[in-house]
Amino acid sequence: MAASMKSCSLVNTFRGCEQSASHMLTKKRPLPWSVLSLLSRRAAHLARQQYDVIVVGGGHAGTEAAAAAARVGAETLLVTQKIQTIGALSCNPSLGGVGKGQLVKEVDALDGLCGRAGDWAGIHFTILNRKKGPAVWGPRAQLDRQRYREFIQSELLSTPRLTVLEGSVEELLVTEPNPEEPGHHRVTGIRLANRSQPITASSVVLTTGTFLSGALFMGQTMSPGGRFGDAPSSAGLSHTLRERLGLRTGRLRTGTPPRIVKDSVDLCQAELHLPDTHPTPFSFLNKHTRCKPEEQLPCHLTTTTPGVERVVKESLHLNCHIQQDTKGPRYCPSIESRVLRFPGRSHQVWLEPEGLTSDLLYPQGLSMTMPPDMQLRLIREIPALRRAEIHTPGYGVQYDFVCPTQLSPALQVKNTQGLFLAGQINGTTGYEEAAAQGLWAGVNAAHWALSLPPVALSRTESYIGVLIDDLVCRGVTEPYRMFTSRAEFRTSLRPDNADLRLTLKGSEEVGCVSSLRYREAVRVRDSLQDALAALHALTLSTNKWRNKLPGLQMSENKNTLVTAGELLQYNHVSFEMLASVFPESLSPYAEFSQRLKIEAVYKPYCDMQKKEIERIQREENMSLPQDLDYFSLPVSLSQEVREILDRVRPSTLGSATRLQGITPAAVVNLLRYVHATNAGLKGRTHTNQPERKEERDEERCARNASLPQ
Amino acid sequence: MAGLTRSSLPPPRKALLRCITDAKGKEVLDRGLVLWFPAPHSFTGEDSVEFHIHGGTAVITAVLQALGSVPGMRPAEAGEFTRRAFQAGKLGLTEVEGLGDLIHAETEAQRRQALRQMSGDLGRLYQNWSHKLKRCLAHVEAFIDFSEDELIEDGVLNQVDTSVCHLQAEMERHLKDERKGERLRSGVQVVIAGATNAGKSSLLNTLCQRPAAIVSPMAGTTRDIVETALDIGGFPVLLSDTAGLRDSPDVVEREGVRRARERVEQADLTLVVVDCAHLLTDAQQAVDVLQTHLMCVLSSQEQPETDRCLLVLNKSDLLPECERQKLDREMRRVSGLPPVCLISCHTNDGLQDFLTVLHSSVKTLCGDPLSGAPTLTQARHRAHLQQCVAALAQYKRHRDTDLALAAEGVRLALTSLGRITGRVAAEEILDIIFKDFCIGK
C-alpha cells in the first residue's frame with residue numbers, strides 16, 4: 001500500500017491518474033486498523049516542509065477539503081489532532097435527510113467522499129418525503145460509526161498527493177499587511193505544537209469545527225474543548241484570527257444527547273420504523289449499498305412525557321449551558337429548550353442504532369446538558385427508557401465562529417489571501433453542510449495555490465451555492481442548517497439531477513472530478529437526452545394510446561396527437577408502460593425510467609424558472625472588486641446604499657441585488673461601474689476579481705523567487 | 001406582435017401603420033405605428049417590438065392589458081431595459097451617464113406612488129393577502145422540511161387548502177370587480193330605468209341635448225333600448241334608455257321590459273327615475289316608496305347594489321314651490337338611500353347638481369385618470385394578480401401528487417403579489433415555521 005501511494009504521488013496531473021478501482025464501492029475494502037495506523041505514522045515521517053494546501057481538521061469539512069484539494073492537483077497536507085478520529089461522527093449516526101440529502105448528492109456529484117462513505121456505512125436507508133415530490137425527496141441513512149470512519153480514513157490515505165499528519169496547530173502564519181494594500185494579509189503556513197520548523201503552504205483551510213475557543217458544558221461544570229475526549233485546540237489560532245487578522249467572531253452553542261445502552265431499552269414500548277426495502281445509494285457511482293436490504297436495522301420512535309418537563313424544570317438551576325444567552329439552533333434544540341419553548345406538549349424521540357455491532361442507541365431529540373444524574377432521571381421518565389442505562393452522558397458545546405460575511409464565495413477570508421474557512425467555524429451545523437463547504441473550500445484552496453482562477457457555484461445551480469451565498473451575503477445569527485425552502489429554484493435543483501448539474505462542470509471547470517465519474521456523467525446525460533428525444537418523437541392519437549394502454553385516463557379529444565413525452569407527464573403513466581408500447585425505441589433506456597419520469601413531469605416548471613435563472617447568472621458573472629471603497633465611488637449612490645455595500649461587500653452584482661435596501665437605481669449604477677472596470681482591464685481572461693489577479697501575479701513571482709524550486 | 005396586429009411582422013426597423021387589437025384579434029384597440037427590431041439590433045440587444053399608440057389612458061390601458069394576456073409577457077421592472085442593454089454590452093459608459101439618476105427618479109416616484117396606493121384600503125387588502133399567503137407557504141414548507149421527523153399537527157395542509165381556495169376566490173372576485181380600466185376603454189354603462197312615464201327618455205334627451213329618443217305622455221312609449229354615447233366630464237359614458245317596467249299584455253312591450261332588466265343587470269350605474277308626484281310629502285313614506293321602487297328596478301341584479309345607482313326624482317316642475325323645497329330638504333337628510341337628485345327635464349331645474357353627482361359616480365367607477373401613472377400601475381397590479389391566481393391553481397393541481405410543485409405554486413403566487421407589496425425573503429418563511437411549529441430536529 002505504501003508503495004502504491006508513493007508511485008501515485010509521482011503522477012503529476014490528477015486527470016492522468018485513473019482511480020477507477022477506488023471509486024467502486026464493491027471493489028474496495030477498508031484497510032485493517034493496524035495498517036492504517038502504520039500508514040499514518042509513515043505519513044508523518046514523510047511530511048515535508050512545504051505544501052500547496054494545508055487543511056487543519058479531520059472532520060466532515062476537513063476530510064472533504066483535503067481530498068478535493070488533492071483531486072484538483074495540489075500537494076496537500078491534512079493536520080489533525082488524532083488520526084484515529086478522522087471521519088468520526090461526533091453527533092448523530094446518520095447522513096442526509098430533507099435538504100441535507102441534496103447536499104450529499106451534490107458533494108458526491110463533485111466526487112466528494114461523504115456519499116460513497118454513506119453507501120459503505122449505511123445500515124438503514126430511507127427516502128424521506130417520498131410522497132411529496134422528487135424535488136424534495138430526502139435520501140437519508142443511519143450509519144455504522146465505525147464503518148464510516150474506516151471508509152473515510154482508507155479513502156484519504158489512498159488519495160494521491162495527500163499526506164495526513166497528526167499534530168496540534170499552534171499558530172497560523174500570516175504576513176504583515178501590505179502597506180500598499182491596506183488590510184491585506186497573506187497566509188504562509190502553520191506552526192505545529194511539537195515542531196520548531198513551520199510548514200509552509202500557499203493555502204490553508206481551517207475546519208476547526210467547535211474547537212475554536214470551544215467550551216464543554218455538563219451541569220455546572222465547564223471545561224475547555226470542542227469534543228468530549230479530545231484535547232482543546234490551542235489558543236494561538238483563535239488569537240491570530242481575532243487579533244492579527246481582525247476577524248469578527250460570534251459565539252454559538254450546540255449539544256449532543258447521552259448514549260444509551262441498547263440492552264437496557266424496552267423497544268417494545270416504542271414504535272417500530274423500518275427502512276426502505278430497496279436501499280437507494282447516495283452516490284451516482286453506486287448501484288447498490290454495502291448493507292444488504294435484509295441486513296438493515298430498524299429505528300424506533302417514542303415521545304416525551306410530562307415527567308421529562310418536570311425534570312428539566314427542576315434541574316434548571318444546575319444547568320449552566322441552558323442559562324447562557326448564546327445563540328442555539330431553533331431546529332436541533334436541546335430537550336431543555338424544546339420543553340421550555342413549547343411547554344405542555346410531548347416531543348418526539350428517535351432511538352437510532354449506532355452500528356451493526358454497537359451496543360448503543362442514539363436518542364435523537366434528547367440532546368441535554370444537565371448533570372449526569374439528572375440526565376438519567378430524565379430519560380427514565382420515558383416509558384421505553386424506564387430502565388435505561390446511560391453509557392456516555394450528553395453535553396453542550398459553546399464555540400466561536402467567524403462571521404461568514406467576511407468570506408468570499410470561494411470561502412476565502414476576504415482580507416487574507418490563501419486563508420479558507422469551512423464548516424462549523426462559519427456558523428453552520430450539520431455534517432452535510434460542513435462537507436459541502438469543505439469540498440468547495442478545498443477546491444478553491446487548490447485553485448489559489450496552483451494559480452488557477454477562483455471558482456464559484458451559483459445558488460441557481462446547486463444547494464451548495466445556496467448555502468455559500470446565504471453565508472457570505474447574509475451571515476448567520478444562529479447555527480445555519482440547510483432546508484429545501486432556502487433554495488428558490490428547488491424544482492430545478494433536485495437530488496436526482498445533481499450529476500447533470502455539477503459533475504460536468506466539476507470536471508471541465510473545477511477539475512475535481514475523476515475521469516471515471518466524468519465519463520459516467522456524460523453517458524447519463526447523453527442517454528437522457530436521447531431518451532427524451534425518442535419520447536417526443538413517438539406520437540399517437542389519444543384514441544390509439546387508449547387502445548394500447550387500457551385504463552388510461554385522458555381528457556383530450558380522441559383525435560388529438562399526443563407524444564409519449566407528454567403522456568409521461570400524467571400521474572399514472574410510467575416509463576415502463578410506454579416502453580411496453582414501444583419496446584424497440586424505449587427499452588434501451590429502462591435503467592433511467594425513474595429519472596425520465598421526473599424529467600418529464602418537471603420540465604415545464606424548470607423551463608419557467610430558466611429565464612429567471614439566466615438573469616441571475618448574468619448578474620453573477622459581473623463581479624465587484626472586494627477592496628472597492630464604496631464611500632468614494634464616483635457614481636450616484638445614496639449614503640444608505642453605500643453603507644450597506646460597504647458592510648456586506650457583495651462579490652458580484654447578483655449578490656448585491658439580493659441585499660435588502662439596494663434599489664434598482666443603485667444596481668444600474670454599480671453595473672456602470674463594473675462595465676467601466678472590466679473595459680479598463682480588457683484582455684485579462686479571469687475577470688473574476690481582476691485586482692486580485694494582478695496582485696497574485698506579483699505575489700507569486702515574489703514567492704517563487706524566494707523559494708528554491 | 002403579429003397576434004396583436006392581425007398580420008405578419010413588418011420588415012425589420014420599418015414603421016408601419018397597423019390596427020392594434022386585443023390578444024384574440026377581435027377588438028381593435030387603436031391604430032398606430034409598429035416597429036420590429038430583430039436581435040441584436042435593438043436597444044437591449046434582444047428581439048424587440050415597439051407600439052406607437054395614442055396617449056389616452058383608455059388606449060394605453062387596453063394595449064397594456066392585451067400585451068399582458070400574451071403568454072410569457074410581463075411588464076418590465078424598473079430599470080430592466082437599461083439593465084438588459086447593459087448586460088448585452090449595448091450601452092457604453094457615456095451613453096449611460098445620468099441614466100441611473102433618471103431611473104432613480106423614476107423608481108422614487110414609483111415608490112412614492114406605490115406607498116400612496118398602499119396606504120389605502122387596496123393596500124391593506126393586498127398586504128392581508130400577502131400575509132395569508134406567507135402563512136400558507138410557511139405551513140407547506142414546514143410540512144415538506146419537517147414532517148418526516150417532527151410532529152406536525154394533522155390537518156396543516158387542509159388548512160392551507162382552505163386558505164388557498166378562499167384567497168383564490170377573493171382575488172378572482174377582486175379582478176372581476178376592478179374593471180376600471182375596461183370601463184375607461186369601453187365607456188361606463190349607465191342605464192336609465194324606472195316605471196313607465198317617469199320621464200326616462202326625457203332624461204336621455206336632456207343629457208345628450210338632442211331628441212335621441214321619442215318622448216310622449218303615453219306610458220310605454222319606449223319599447224327597445226335606446227343607446228347614446230356621452231362625455232361626462234371627460235369620461236366616456238354609454239347611456240341606455242330602457243322600457244318602463246310594468247307588467248304588460250303586449251308581447252313587444254314584455255320583450256322590452258325583459259331587455260330593460262337585462263341591461264340593468266349589466267349596468268355599471270343605474271339611474272332610477274321616479275316621478276316625484278308619486279311621492280307623498282311625508283318624508284318617511286317617501287323613503288319607503290323609493291326603497292320599494294329601487295328594489296323593484298334592481299331586483300334583476302344578483303345582489304342589489306344600491307351604491308351603484310342614483311335616484312332621479314323627475315318632474316319637479318309639477319310640484320308647488322314649497323313642496324319641492326321641502327322634498328329637496330328631506331331627501332338630503334335621509335339615509336339608507338343612494339344619492340337623490342331632484343330635477344326637471346322640462347325646465348332643466350336641478351340638472352347641474354345632478355350632472356355633478358353623475359360625474360363623481362362615473363369618476364369613482366373609472367378611477368382617477370388625471371394622475372396617469374396609477375392606471376399603469378393598476379395594469380401591472382392586474383397582471384401580477386392574474387399570475388397570482390394562476391399560480392394558486394398550480395397549488396391545487398399538484399396538491400395530492402407533488403407537494404414540491406404545489407409549494408412552488410404558492411411561492412410563485414407570493415412572488416407575484418410581492419411585486420405589488422414588496423418582496424418576501426425565505427428567511428421570513430422560516431420565521432413563521434419556527435413560530436408556528438415545535439420543530440425539534
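Quick caveat, the model's predicted, so the values are computed rather than measured. By convention in this document, chain letters (A, B, ...) are assigned in the order of the sequence lines, proteins followed by strands, and residues within each chain are numbered from 1.
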Undergrad: Would you compute the distance between atom CZ of B:Phe146 and atom CG of A:Asn129 and round it to the nearest 0.5 angstrom?
TA: 11.0 Å
Undergrad: Could you tell me whether the side chain of B:Asp145 and the main chain of A:Thr484 form a donor-acceptor pair under 3.5 Å?
TA: yes
Undergrad: For A:Phe125, which residues count as a ring pair (Phe, Tyr, Trp, His ring centres under 6.0 Å) partner, sequence neighbours excluded?
TA: none
Undergrad: Identify, with sequence neighbours excluded, every residue that meets ring pair (Phe, Tyr, Trp, His ring centres under 6.0 Å) alongside A:His273.
TA: A:Trp350
Undergrad: Contact part of A:Arg494 toward chain B, heavy-atom cut-off under 4.5 Å: side chain, backbone, both or neither?
TA: neither
Undergrad: Between A:Arg490 and B:Glu141 (salt bridge meaning N to carboxylate O under 4.0 Å), is one present in this structure?
TA: yes
Undergrad: If contact means a heavy atom pair closer than 4.5 Å, which residues of residues 401-409 of chain B contact chain A?
TA: B:Thr401, B:Asp402, B:Leu403, B:Ala404, B:Leu405, B:Ala407, B:Glu408
Undergrad: Does anything in residues 391-400 of chain B get under 4.5 Å of chain A by heavy atoms, and if so which residues?
TA: B:Gln394, B:Arg397, B:His398
Undergrad: Show the nearest heavy-atom pair for residues A:Lys132 and B:Phe143, with the distance to one decimal.
TA: NZ-O, 3.1 Å
Undergrad: Which region of A:Asn571, side chain (C-beta onward) or backbone (N, CA, C, O), has a non-hydrogen atom less than 4.5 Å from a non-hydrogen atom of chain B, or is it both or neither?
TA: side chain
